[in-house]
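Structure, as structure tokens:
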Protein chains: 2
Amino acid sequence: MYRSHTCGSLRIEDKGKHVTLAGWVQRTRKMGGMTFVDLRDRYGITQLVFDEQKSGELFEQANKTGREYVIQVEGLVEERYSKNPNMPTGDIEIIVDKYNLLNPSLTPPFTIEENTDGGDDLRMKYRYLDIRRENVRKNLELRHKFCIAVRNFLDSKGFLEIETPILIGSTPEGARDFIVPSRMNPGQFYALPQSPQTLKQLLMVAGIDRYFQIAKCFRDEDLRADRQPEFTQIDCEMSFVTQEDILQIFEEMTKYLFKEVRGVDLGEAPFPRMPWQEAMEKYGSDKPDTRFGMEFKELTTLLKGTGNFSIFDDAAYIGGIVAPGCAGYSRKQLDELTNFVKMPQIGAKGLVWVKVADDGSIKSSVDKYYTPEQIHQVCETAGAANGDLILILCGPDAMRCRKQLCELRLEMGNRLGLRDKNKFSLLWVVDFPMFEWSDEEGRLMAMHHPFTSPRPQDIPLLATQPEKVLADAYDMVCNGIEVGGGSIRIHDAELQAQIFKVLGFTPEKAQAQFGFLMNAFKYGAPPHGGLAYGLDRWVSIFAGLDSIRDCIAFPKNNSGRDVMLDAPSEVAEAQLEELKIALVKDAE
Amino acid sequence: MYRSHTCGSLRIEDKGKHVTLAGWVQRTRKMGGMTFVDLRDRYGITQLVFDEQKSGELFEQANKTGREYVIQVEGLVEERYSKNPNMPTGDIEIIVDKYNLLNPSLTPPFTIEENTDGGDDLRMKYRYLDIRRENVRKNLELRHKFCIAVRNFLDSKGFLEIETPILIGSTPEGARDFIVPSRMNPGQFYALPQSPQTLKQLLMVAGIDRYFQIAKCFRDEDLRADRQPEFTQIDCEMSFVTQEDILQIFEEMTKYLFKEVRGVDLGEAPFPRMPWQEAMEKYGSDKPDTRFGMEFKELTTLLKGTGNFSIFDDAAYIGGIVAPGCAGYSRKQLDELTNFVKMPQIGAKGLVWVKVADDGSIKSSVDKYYTPEQIHQVCETAGAANGDLILILCGPDAMRCRKQLCELRLEMGNRLGLRDKNKFSLLWVVDFPMFEWSDEEGRLMAMHHPFTSPRPQDIPLLATQPEKVLADAYDMVCNGIEVGGGSIRIHDAELQAQIFKVLGFTPEKAQAQFGFLMNAFKYGAPPHGGLAYGLDRWVSIFAGLDSIRDCIAFPKNNSGRDVMLDAPSEVAEAQLEELKIALVKDAE
């Protein structure tokens, strides 16, 4: 036993105890004949006192102790002369009478403090030092607490956590698989699961009834800002349920987690349910941030076709949002917004604005193309009050334009401080389209996956207007982030065959790719459905993080590299020989 | 909602309720104008009654319902005329008034019953049907319950569950790695972790203090009987601890799990601790089955060197066990045992026996080589009583011979019914040798791994007699199975360098292979240690299974194949091209 207490546990009640502590040296301060050392561990910081008068030798040792040295000390708990009310141990200090250097440390490459001087790259390379910082560690603690709560909730509802394999077969539909050469089966490869989707459906066929798993998933994608090649999913599936049953139980879980882990009461009211179509029209997004209003107002019929302003006349869609109290925006501010929407990643051609001054007078950037009555009508339709600013976008592709307007709305939300990280707004987005057209593939593609069930009432449309069929699918959205999503699955072989036909699969191709699942479905598949949450994302929302990276102990960078481990890396030629594979060098 | 109750929930108190059930048809029995259907789900079986008198149509439908059809019924809960006390729902039955066929089923390839007629291969191919069998499902339920208990125990002790990555770097020391080509880093490979060993040590450097993870691990080994290429480990690590601290906390966890999950009270007494040397001498195994005695008695000095019996004279080791009450063994039984020890996988040359009859008279297979006094002394040394049988093996290699004797002891334990699956005997094996000699490599190898600490008192021996150094390592053994093992790790850079030297690593090679960990240790590594349990194995012990396979939802066979998914499999040429690898065909 290296310690009798942790560095976070001693209080004024412990005064007079002789204790042993061990930990890292946060800082040392020499003040005359006294040296103060802040000793840190996961549980807190305790102040140590080395008094030259009491022991010159100990005092010497303390003064040679550098940052991040690991030391063990014994001493007496004393009341502090000047207390620190900001620290749980701030009432006491330890008068050290024994010192043991357990391990020295090189000078760390960045400071181990909340506001560290280390940049992202350095922090990731020395992640084992980064995690010593309280704010990073707290994220990992939160993640742990979150998972314990998820498991205990689902266990209480009769869900069984069942591990599904990591070495599975490749399923070409979907994102790119990571593959693993099999030495025992030369020329063949395992694939790492993109999700346990088909396996959990097999567990429903197996009669497991309620399944979950906090599961590692893998996608070999070109990594955008906030993606990881391996990520964690809370994966759930239930039998003999309808959409309603699933939404209810996971809404209950969500409220439980907010209460239990985040200390937030989401109230009794059920989460709003918004059809996908409405979400697109009001927010230009299937994951609207509903912490604030500023919903889209369609102005197409009002502003198009007057013959005066060709940009609007040529648009397929004209829509605006009302930024409350922003009528006073300066030329510079408006230019900033124009530049924002013109950024390549947003791609709008320009921005039209209408200001309704505090006195009700109206001014707009298109005054010369429209009559005051027309502009007045825009204000009325948009619902702008005195002092408001209307921001209008238009474009030849309604969906694209809505997405641009969505970005503008979020930007205005940021500027107006409406996206408070401590406020949580949850909803279900439902009634997703079953299919979306792929220009690349020249066919309809499954918007979720090919096992998603259409809404029962839409099944007749499959034969006639498949593009109008809506899916029995749902996403849970929190603060503009999709935290989870799922669907009712098809359990009827004929319906499944019909879907594959719409997707352009021959029966042979369907059998080759999904035979193992379709065969299983011939042996009494129950009606079933489920959903999956992105754990990394959900924990980052709880932690108020902008990136999922800081709630992952050892994340990878945008090139899929672990810079701490320096992985991936080259392997020995002998290893490749055993696997019967060879590297292919580029011709150049 | 497809059901108001599950098939396991209705009792006599529910009599008179109108209920909806859904599930699988276990069997149908037509008796005159009544058809009885056993409806099954995960929660139980409920008897349904279709009465021809009440509805000819329903009766017709019931008679067309085959095994494993998925149906939904409504009906009235009635008291049964002839109750079945063996079923929780045996007092009631449902008089069906509505029937809905949810999904038909092909005839399953084997019966969905405890004693199925399906062989192993067929069961694995149709694992989704196999899991419908109560005994298989119960293993998965047990595994779930076990993991929940592990997590709640460790959480209560301040351990944080932290996910470590699955895509890491290859560490050539140890078993073969599975590797994963990186598309974004052509020519480079990730490796799947054989265990999170180095990562958990980095978490200790990171100040996490108490870590655990129920973690997937991967080893590309030629699979022996009861191994899987992917398996699950309960992986734990603690800082500022000695061996004593670790043994205590995990002994407490073990007792908690036995009580909570298995309903077995292991008592207050601490687990015995047996030095490795003693385990080898008494049981010929570092994982002795201590459910029964029959400890080895060394007879070398007694029987060797008389000049009469060259087999013993040439032996380096002669040892025996006493099989109580087996003096009456027939010629045939003794021949069976002789054949057993001569099997190639055991490899003894023969078996010597001594019978002590009930009347005290002694007879042995080596009577002609030894005097009656000598044989009598053998009986005395072995501690054989009247009615006992002594079985003796010898060989030129003491360690090998002990292992043979170990197999014989276990066989006798089986024959005498001393290996009761409902009896549990736990112990710690401690004081393992630090190194073992490898003829293949021509050097000492780490018995655990190169980060294992020697016992403090043995450190001076490192320079002079490294082969005598014992490690600060420990295994937990239950019923002859190693359920877990671990060690105190080295946290001192100099000691680590010394160990690498003993292992024949140049400083450059050590740096190349373990640099990331050794560098981390320069920044204030705390003293730390831990252990890991094999989850699959532990759950199988709790479930009384002979193989770990049946507590894994989707196991692989001995060729590493998932026969249900038909994985691994070939992948498209385009996928290999993207990864810049090619298959190497054998020259033949």
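Since the model is a prediction, treat every value here as computed from it, not as a measurement.
- Expressed to the nearest 0.5 Å, how far CD1 of A:I166 lies from CZ of B:F178 amounts to 12.5 Å.
- In this structure the side chain of B:Y126 never reaches within 4.5 angstrom of the side chain of A:N519, judged on heavy atoms.
- Put simply, the side chain of A:N103 does not reach to within 4.5 Å of the side chain of B:F521, judged on heavy atoms.
- Residue contact with chain A, scored on non-hydrogen atoms closer than 4.5 Å, involves the backbone of B:T107 exclusively.
- For B:M564, the parts lying under 4.5 angstrom from a heavy atom of chain A are both the backbone and the side chain.
- With a threshold of 4.5 angstrom between heavy atoms, A:Q72 does not approach chain B through any atom at all.
- Heavy-atom pairs under 4.5 Å with chain A were tallied for B:D566, B:V571, B:V136; the largest tally goes to B:V571.
- Heavy atoms closer than 4.5 Å to chain A are found in the side chain of B:F212, but not in its backbone.
- Distance check, rounded to the nearest 0.5 Å: CZ of B:R151 to CG of A:D155 gives 11.5 Å.
- Heavy-atom pairs under 4.5 Å with chain A peak, among B:K125, B:R127, B:M204, B:K556, at B:K556.
- Of the listed residues (B:L160, B:V70, B:L203, B:N152), the one with the most heavy-atom contacts under 4.5 Å to chain A is B:L160.
- Ring geometry for A:Y128 against B:Y523 counts as tilted: the plane angle lies between 30° and 60°, on a 0 to 90° scale.
- For A:L21, no part lies near chain B; criterion is any non-hydrogen pair under 4.5 Å.
- Interface residue B:R42: backbone and side-chain heavy atoms are both found under 4.5 Å from chain A.
- Listed options B:L140, B:L199, B:D492 were ranked by heavy-atom pairs under 4.5 angstrom with chain A; first place goes to B:L199.
- Contact count versus chain A (heavy atoms, under 4.5 Å) is highest, among B:I208, B:D41, B:I168, for B:I208.
- The shortest side-chain heavy-atom distance between B:L167 and A:D562 does not fall under the 4.5 Å cut-off.
- Residues B:P526 and A:W24 are in side-chain contact: their nearest non-hydrogen atoms beyond the backbone lie under 4.5 Å apart.
- Between B:R183 and A:E221 there is no salt bridge, since none of the side-chain N atoms of the basic residue sits less than 4.0 Å from a carboxylate O of the acidic one.
- Of the atoms belonging to A:V241, it is backbone heavy atoms, and not side-chain ones, that fall under 4.5 Å from chain B.
- Atom CD of A:E570 sits in a sparse spot, with 12 or fewer heavy atoms from other residues, nucleotides or ligands closer than 6.0 Å.
- Heavy atoms closer than 4.5 Å to chain A are found in both the backbone and the side chain of B:F554.
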Could you check A:E577 against B:V584 for side-chain contact (heavy atoms from CB on, under 4.5 Å), going step by step and ending with a plain yes or no?
CA-CA 8 Å; A:E577 274 168 27; B:V584 175; over 6 Å; no
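- Heavy atoms of B:S182 lying under 4.5 Å from chain A belong exclusively to its side chain.
- If you measure heavy-atom distances from A:R210 to chain B, the contacts under 4.5 Å come from both the backbone and the side chain.
- Summarising the geometry, atom CG belonging to B:L565 is positioned 11.5 Å from atom OG belonging to A:S170; distances are rounded to the nearest 0.5 Å.
- If you measure heavy-atom distances from B:D222 to chain A, the contacts under 4.5 Å come from both the backbone and the side chain.
- Options A:S569, A:G169, A:A567, A:G560 differ in how many heavy-atom pairs under 4.5 Å they form with chain B, and the most are formed by A:S569.
- Residue B:R132 touches chain A through both its backbone and its side chain, counting heavy-atom pairs closer than 4.5 Å.
- With chain B as partner, the option from A:A22, A:P165, A:G187 having the largest number of non-hydrogen pairs under 4.5 angstrom is A:P165.
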Run B:E161 and A:K145 through salt bridge (charged side-chain N to carboxylate O under 4.0 Å, His left out) and show every step you take.
CA-CA 9 Å; B:E161 183 162 26; A:K145 204 173 160 196; over 6 Å; no
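- With a 4.5 Å cut-off on non-hydrogen atoms, B:E163 touches chain A through its backbone and its side chain both.
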Residue pair A:E68, B:K522: steps toward the salt bridge (charged side-chain N to carboxylate O under 4.0 Å, His left out) verdict:
CA-CA 10 Å; A:E68 300 308 315; B:K522 291 177 190 156; over 6 Å; no
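- Only the side chain of B:F218 has a heavy atom closer than 4.5 Å to any heavy atom of chain A.
- For a residue to count as touching a neighbouring chain, one of its non-hydrogen atoms must lie under 4.5 Å from one of that chain's; by this rule B:K580 touches chain A with backbone and side chain alike.
- Heavy-atom pairs under 4.5 Å with chain B peak, among A:I179, A:L517, A:L129, at A:I179.
- Counting heavy atoms from C-beta on, the side chains of A:P527 and B:Y2 come closer than 4.5 Å.
- Panel note: side chain A:E244, backbone B:M1; no donor-acceptor pair is recorded below 3.5 Å.
- Interatomic distance, CD1 of A:I131 versus CG of B:L202, reported as 8.5 Å (0.5 Å rounding).
- No side-chain donor-acceptor contact under 3.5 Å links A:R176 and B:Q575.
- Contacts between B:T6 and chain A at a heavy-atom distance below 4.5 Å are absent for every atom of the residue.
- Proximity to chain B (any heavy atom under 4.5 Å) is shown, for A:F189, by both the backbone and the side chain.
- Interface check for chain A: of the options B:I552, B:L106, B:I112, the most heavy-atom pairs under 4.5 Å are formed by B:L106.
- Only the side chain of B:I162 comes within less than 4.5 Å of a heavy atom in chain A; its backbone stays farther off.
- With hydrogens and angles left out, the side-chain atoms of A:D209 and B:Y43 include a donor and acceptor closer than 3.5 Å.
- Both the backbone and the side chain of B:D220 come within less than 4.5 Å of a heavy atom of chain A.
- Residue with the most contacts toward chain B among A:P186, A:A553, A:P181: A:P181 (heavy-atom pairs, distance under 4.5 Å).
- At a threshold of 4.5 Å between non-hydrogen side-chain atoms, the residues B:Y190 and A:R561 do not count as touching.
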